[in-house]
Peer 1: 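I'd like to ask you about the structure that follows.
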Amino acid sequence: MIGTVFRSEDVPAEHRFDYWRELVHRAIAPSDITSDHAGDFWAEQRLLELGPVMVWPTSFLPSRFLRTEKMVRQCDPEMYHLSLMLGGGLGLDHIGRTDLYGPRDLWVTDTSEPYDVQPPDGEGRQLITGVAVDFPKALLPLSPDRVRELLGRRLSGREGTGSLLTEFLIGLDRQSAALQPSDAPRLGSVLLDLLSAWFANVLDIENALPPETRHRAMTTRIRAFIRQNLSDPGLTPPLIAAAHHISVSYLHRLFQEQAPGREGEGETVAAWIRRLRLEGARRDLADPALRAVPIHTVAARWGLPRASDFTRAFRTMYGLTPKEYRLQALSSPEPMEQTEKTEQTEQTEQTEQTGPTRPTRPTRPARPARQPKQAE
């Protein structure tokens with residue numbers, strides 16, 4: 001598990017709001033945080049330190065965040081702050097731009113400029129849920145003048161690179177219990193690539209990114225596309241290349257140039273697709289809820305319609321036929337060792353590359369003592 005967990009109910013009522021304010025100040029530039037619900041406050045928050053990038057999934061009662069010019073002069077960490085809304089609503093006033101934000105909206109602020117974030121009138125006790133990201137401005141390979149064009153604007157997290165970024169951030173929250181501290185630097189690098197690609201895409205200046213950043217971002221988009229289309233038997237390198245307006249040879253080169261230690265290192269495009277399909281079929285075969293589903297139907301769901309090809313590939317990868325594996329998995333009182341190992345690998349890989357397909361509330365960790373504590 002990575003991250004520091006805070007739950008307001010684990011702190012005496014009179015200290016809850018102050019504890020939460022202190023956690024927020026640790027993650028972003030100091031601001032004046034107030035709430036009409038300070039006397040009976042509720043919040044959940046996880047701080048994930050991914051190298052130089054801080055990610056914090058959070059849910060809280062409506063609050064206001066005011067950063068004044070005086071605060072900027074007193075302390076400026078030179079950071080960009082990205083907010084992804086998942087539930088509730090907030091309004092933002094930043095560099096003369098004012099807008100309201102709802103679920104799947106994104107916005108960017110600059111700690112070098114004042115801002116005012118507050119809930120709309122009439123929100124009552126409706127929870128505000130989302131994921132925030134803070135990272136040094138120096139790590140974004142784009143001109144500050146160009147980035148300024150995006151500050152305070154309501155941007156979409158529902159399509160294109162914005163959707164990929166959204167799912168990645170949601171995935172970090174969902175999989176945080178399965179992630180290890182050793183995963184943090186790698187995930188931070190992937191997130192910075194995604195952020196750079198998203199900024200450049202929205203600004204329509206993708207050519208301004210360094211080649212290695214463009215390549216890594218393109219590889220991430222391709223892997224997400226593959227995962228979303230595994231059920232299609234016609235998912236082939238030519239189709240994938242055409243969907244991304246690149247040549248087949250360039251597609252293969254992107255996979256060959258995969259950075260050491262990242263998912264799929266050393267695998268061809270076809271081999272990676274085959275492995276994902278077999279892993280998906282294996283999970284379904286071991287699922288008691290799907291025991292009545294015929295094996296050939298399970299295989300077809302994962303884009304493997306030819307029974308003989310599926311059986312041969314499955315036996316090569318797992319040492320058992322699909323029928324033998326299902327019988328062994330469903331009759332065993334405990335999960336098979338191979339299943340446990342592969343499931344953990346899949347969770348980390350999916351978080352690194354795409355995130356999950358739907359948002360969830362922040363993970364509820366084990367109850368700590370009467371103050372925030374470092375998760376084990």
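Quick note: residue numbers are just sequence positions, from 1.
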Peer 1: Can you confirm whether V131 sits close enough to L86 that some side-chain heavy atom of one is under 4.5 Å from a side-chain heavy atom of the other?
Peer 2: yes

Peer 1: Under the side-chain hydrogen bond (donor to acceptor under 3.5 Å, both in side chains) test, which residues partner E113, sequence neighbours left out?
Peer 2: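 Applying side-chain hydrogen bond (donor to acceptor under 3.5 Å, both in side chains) to E113 gives R148.
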
Peer 1: Tell me, please, whether F255 has R223 positioned over its six-membered ring: NZ or CZ under 6.0 Å from the ring centre and within 45 degrees of its axis?
Peer 2: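 Yes, R223 sits over the ring of F255.
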
Peer 1: Can you name the salt bridge (Lys or Arg N to Asp or Glu O under 4.0 Å) partners of R21, sequence neighbours left out?
Peer 2: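 Salt bridge (Lys or Arg N to Asp or Glu O under 4.0 Å) list for R21, sorted by chain: D18.
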
Peer 1: Less than 4.5 Å apart, side chain to side chain, heavy atoms only: is that true for V133 and V53?
Peer 2: yes

Peer 1: Should L48 and L187 count as side-chain neighbours, where that means a heavy-atom distance under 4.5 Å?
Peer 2: no

Peer 1: Any non-hydrogen side-chain atom of F60 less than 4.5 Å from a side-chain atom of S8?
Peer 2: no

Peer 1: Dump the intermediate steps for side chain to side chain donor-acceptor pair (under 3.5 Å) on S176 and R46, then the final yes or no.
Peer 2: CA-CA 9 Å; S176 57; R46 183 187 298 274; 3.1 Å; yes

Peer 1: Could you check whether R282 pairs with E279 (Lys NZ or Arg NE/NH1/NH2 to Asp/Glu carboxylate O, under 4.0 Å)?
Peer 2: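 Looking at E279 together with R282, the answer is no, because their closest N to O distance does not fall below 4.0 Å.
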
Peer 1: Below 4.0 angstrom, N of the basic side chain to O of the carboxylate: do R158 and D105 qualify?
Peer 2: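 Here R158 pairs with D105 in a salt bridge, since their nearest N and O are under 4.0 Å apart.
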
Peer 1: Can V24 be reached from V72 by stepping across I, L, V, M, F, W or Y side chains whose heavy atoms are under 4.5 Å apart?
Peer 2: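 No, because V72 and V24 fall into different hydrophobic clusters, even though each may have its own neighbours under 4.5 Å.
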
Peer 1: Between the side chains of E212 and R216, is the shortest nitrogen-to-carboxylate-oxygen separation below 4.0 Å, so that they form an ion pair?
Peer 2: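 No.
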
Peer 1: Can a salt bridge be assigned to the pair R153 and D99 using a cut-off of 4.0 Å between side-chain N and carboxylate O?
Peer 2: no

Peer 1: Could you grab the distance from atom CG of L254 to atom CD1 of I246, nearest 0.5 Å is fine?
Peer 2: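 Reported value, rounded in 0.5 Å steps: 5.5 Å.
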
Peer 1: Quick one: sort the W20 and F65 rings into parallel, tilted or perpendicular, breaks at 30° and 60°.
Peer 2: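 The arrangement is perpendicular - the two ring planes meet at more than 60°.
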
Peer 1: Any ion pair linking R214 and E206 (charged N to carboxylate O, less than 4.0 Å)?
Peer 2: no

Peer 1: One thing to verify: whether D32 and R67 come together as a salt bridge, which I'm taking to mean a side-chain N less than 4.0 angstrom from a carboxylate O.
Peer 2: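 Salt bridge: no.
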
Peer 1: Relative to each other, are the rings of Y318 and Y325 parallel, tilted or perpendicular (30° and 60° limits)?
Peer 2: tilted

Peer 1: Shared ILVMFWY cluster between L304 and L320, side chains joined below 4.5 angstrom?
Peer 2: yes

Peer 1: Distance check, rounded to the nearest 0.5 Å: Y101 atom OH versus L90 atom CG?
Peer 2: 10.0 Å

Peer 1: So does E167 pair up with R104, basic N to acidic O under 4.0 Å?
Peer 2: yes

Peer 1: Between CZ of R221 and OG of S163, what distance do you get to the nearest 0.5 Å?
Peer 2: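 Reported value, rounded in 0.5 Å steps: 12.5 Å.
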
Peer 1: Among residues at least two apart in sequence or on other chains, which ones pass side chain to side chain contact (heavy atoms under 4.5 Å, CB included) with E14?
Peer 2: P12

Peer 1: Between L290 and R301, is any pair of side-chain heavy atoms under 4.5 Å apart?
Peer 2: yes

Peer 1: Have a look at L285 and tell me which of R291, R326, Q328 forms a side-chain contact (heavy atoms from CB on, under 4.5 Å) with it.
Peer 2: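 Of R291, R326, Q328, side-chain contact (heavy atoms from CB on, under 4.5 Å) with L285 is met by R326 alone.
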
Peer 1: Report yes or no: do M79 and L165 belong to one cluster of Ile/Leu/Val/Met/Phe/Trp/Tyr joined by side chain heavy-atom distances under 4.5 Å?
Peer 2: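 No, it is not one cluster - the side chains of M79 and L165 are not joined through contacts under 4.5 Å.
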
Peer 1: Taking only residues two or more places apart in sequence, or in another chain, which ones meet P144 in a side chain to side chain contact (heavy atoms under 4.5 Å, CB included)?
Peer 2: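 Checked P144 against side chain to side chain contact (heavy atoms under 4.5 Å, CB included); matches are Y80.
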
Peer 1: Who passes salt bridge (Lys or Arg N to Asp or Glu O under 4.0 Å) against E324, sequence neighbours left out?
Peer 2: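 E324 satisfies salt bridge (Lys or Arg N to Asp or Glu O under 4.0 Å) with no other residue.
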
Peer 1: Of the options L150, V202, L82, which is the one that meets L106 in a side-chain contact (heavy atoms from CB on, under 4.5 Å)?
Peer 2: L82

Peer 1: Do M71 and L66 belong to the same hydrophobic cluster, where Ile, Leu, Val, Met, Phe, Trp and Tyr are linked whenever their side-chain heavy atoms lie under 4.5 Å apart, directly or via other members?
Peer 2: no

Peer 1: In chain order, what residues pass the side chain to side chain contact (heavy atoms under 4.5 Å, CB included) check against P238, with sequence neighbours excluded?
Peer 2: T236, V248

